[in-house]
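Just below is one structure, and these are the notes that go with it.
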There are 2 protein chains.
Amino acid sequence: MRVTIKDVAQAANVSVSTVSRVLSNKENFFASKTADHVRKVAADLGYQRNAYAADLASHQSDVLAVVISATKSNFADEIIAGIHDVATKNGNSVMILYAGENNPTLQDKAIKTVIERDVMGVLIVALELGDESLSSLKTSGIPHIFLSTAAKENLGPFIASDDHAIGYEATKYLIEHGHHKIGLVGMDEQSFVGTQRMTGYREAMAEYGLAVNEDWLVPGYFTFEDGETAMAHFGKQPEVTAIIANSDLTAIGVIDQARDYGLEVPAQLSVMSIDGTKLTRIFRPTITSVTQDFFQIGRAGCAALLNDDNEPIQSKFLPIKIVERNSTRQL
Amino acid sequence: MRVTIKDVAQAANVSVSTVSRVLSNKENFFASKTADHVRKVAADLGYQRNAYAADLASHQSDVLAVVISATKSNFADEIIAGIHDVATKNGNSVMILYAGENNPTLQDKAIKTVIERDVMGVLIVALELGDESLSSLKTSGIPHIFLSTAAKENLGPFIASDDHAIGYEATKYLIEHGHHKIGLVGMDEQSFVGTQRMTGYREAMAEYGLAVNEDWLVPGYFTFEDGETAMAHFGKQPEVTAIIANSDLTAIGVIDQARDYGLEVPAQLSVMSIDGTKLTRIFRPTITSVTQDFFQIGRAGCAALLNDDNEPIQSKFLPIKIVERNSTRQL
DNA sequence: TTGTAAGCGTTATCAA
DNA sequence: TTGATAACGCTTACAA
């Protein structure tokens, strides 16, 4: 049996309340002399606090939960790093729960876990929650925020990039570099993210008076394989002169397949990616991208959750930027 | 205030123990009629169980903790997927805790968290724990296992690849393909993993009567940048004809830098990586690798922890294999 | 098959 | 500044 606060109290000849106060650092509620003694005894006995009991009694936990989709994309690490950056400084623990990909069962399970553990807040990363999970999260009253999934108003507060702007800016960039026939690859038409980006794309094309051939839009789910498949769809003599890929990985799929067709990137085809993770810098050619600041998304999300004035959390978009690298060229 | 078991009991006109038994499915200890009623009432009231209270009372949790280094390498995802694969089937929750990189403070914090929460088991992934963390984990009595970090005997049970064999096999493969001057890049000489791989390398070289130039051994920490730096060290006219890189990312760094020097891979330089994650397949040239089965490491580790016969956990190595791709050639 | 009541290891209230 | 003692929400003997 583990050493409890009671054992410590006994050994130190004080009451459990005193031990509790000392060990949880309720300043100004004990003599520093007693404190030293208690702490020593606790250490000697190898006391480890039981967080469950403490949380139960105090009705508060210091745990932040991150629910994350096991996405095939790779930006999650940066978001998590950002979350840790502020959580650590604030003394919070963070636990991460994977929720699979489009897997309602796993999602429900993850959400159930966080509710049952009554964590102090939930960060939902790159995940569009099912109705059931969402509503139980809402009724639980646990503060939560969506990261990197801006969504319809009623979904809840979010911090993300503006996906409409992403689609728009990428397209505009290519148009201004002389491209008129632009493919859009790997978008999930069912998702808010995907539709937003597509709308942005169409808007930019329209703004420049460019017609869109529906054949240029090849759906998918952010994967490498989606890129390959899409490029196969365009074929060895693609009509498009430039392609926007829905993720860095998808862009790589496009480029690899293009290369297999003997097409040079960017000489014969420009490819641009969305995300701008490290992959864009290690791959050759380096990949021009719409870069999102995932680290800051993580930081801001965590900060918003921790911010304890009881105003509701403000949703917001963080800036994106276009980083030119070597996979695109002026036509 | 949340709905508790007590509220349900009251509303359903039964005792709390009955509710408890029904809701935690203690078969054969209640009438199915009562059960249906209780469940309905619970659902109507929106009851959510409090896992802390339950764990506290029952002294057992269904949570597995994964403590993982925020490594710059990228195999962790596969291990985690493997862990989830068996944990999910077994009905366990898994929480992931990041422990930074060579960051004793964060490690201690993570270990402290798992001990305080008295999880049912801990999987330590790609992490060589500091002495303090390790000993508190040991005295806590919580079952734990090291994944992908085979280590000195007294460290604890592990499931991993045999790093000595990795170094040996990679070297042997290159030697048998005609290479006599072989670089070894990105090894952390302080770590067990690194030293094991280096020993394997030396052993293979010796076995074939090949001399080792100490200049061919360039240390590092698995990163892309380590690969670049190491290649810069070898220069535009490298003495070595082949390089073994400590991770896929490191191999990419080597290849990128070689390319910047105008060296063709594999025509002028063969490069082989250790790990064999997806990166080796999406990068061009595809990278010949010593491939580890990370998914199985995750699965086996989780299974070992869950296996409740009270025999101690058996350490073991999982097989590795060499997968030929396009970054190496016969000399 | 169900209920009563004693914990589980803390914190929090109140009195001393 | 400290100590009793009642929670917290659940599980689990033991009794009925």
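Order of the sequence lines sets the chain letters (A, B, ...), proteins ahead of strands, with each chain counted from 1. Just so it is clear, the structure is predicted and the values come from calculations on it, not from any experiment.
Contact annotation: B:Ser20 reaches the phosphate of D:dT11 (side-chain N/O to OP1 or OP2, under 4.0 Å). Between B:Ser15 and the phosphate of C:dG3, there is a side-chain N or O to OP1/OP2 separation shorter than 4.0 Å. A sub-4.0 Å separation between OP1 or OP2 of C:dT10 and a side-chain N or O of A:Tyr47 is present.
Atoms NZ (B:Lys6) and P (D:dC8) sit 6 Å apart, rounded to a whole Å. Atom pair A:Asn13:CG and D:dT1:P shows a separation of 20 Å (rounding to whole Å applied). B:Arg49 has its CZ atom 11 Å from the C1' atom of D:dG9, to the nearest Å. Rounded to whole Å, atom P of D:dC10 lies 15 Å from atom CG of A:Asp55. When rounded to the nearest whole Å, the span between CD1 of B:Ile5 and P of C:dC8 equals 18 Å. Computed from coordinates, the B:Asp36 CG to C:dT1 P distance equals 13 Å when rounded to whole Å. Atoms CG (B:Asn50) and C1' (D:dT11) sit 13 Å apart, rounded to a whole Å. Atom OH of B:Tyr52 is separated from atom P of D:dT11 by 16 Å (rounded to the nearest Å).
Across all strands shown, B:Gln60 has no heavy atoms under 4.0 Å from either base or sugar-phosphate atoms. Residue-level contact check: B:Ser17 touches the bases, meaning some heavy atom is under 4.0 Å from a base atom. Contacts of A:Arg21 with the nucleic acid, taken as non-hydrogen atoms under 4.0 Å apart, include base atoms.
Which of C:dA5, C:dT11, C:dT1 sits closest to the side chain of A:Ser24 comes down to C:dT11. In this structure, the nucleotide among D:dC8, C:dG3, D:dT2 sitting nearest to the side chain of A:His59 is D:dC8. Here the nucleotide nearest the side chain of A:Lys26, chosen from C:dT1, D:dG9, C:dA12, is C:dA12. Comparing C:dT2, D:dA4, D:dG9 by their closest approach to the side chain of B:Thr34 singles out C:dT2.
Using a 4.0 Å cut-off between charged nitrogen and carboxylate oxygen, B:Arg117 and B:Asp62 do not count as a salt-bridge pair. In this structure, B:Arg2 pairs ionically with A:Asp118, as a charged nitrogen and a carboxylate oxygen lie closer than 4.0 Å.
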side-chain hydrogen bond (donor to acceptor under 3.5 Å, both in side chains) between B:Ser15 and B:Thr18, worked out: CA-CA 5 Å; B:Ser15 73; B:Thr18 300; 3.2 Å; yes
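Ring geometry, B:Phe158 versus B:Phe317: the interplanar angle falls from 30° to 60°, so the pair is classed tilted.
In terms of position along DNA chain C, the nucleotide closest to B:Thr18 lies nearer the 5' end than the nucleotide closest to the other residue of the pair B:Leu56 and B:Thr18. In terms of position on DNA chain C, the residue among B:Ala57 and B:Ala31 whose nearest nucleotide sits closer to the 5' end is B:Ala31.
Checked against the 6.0 Å centroid threshold, A:Tyr52 and B:Tyr52 count as a close aromatic pair.
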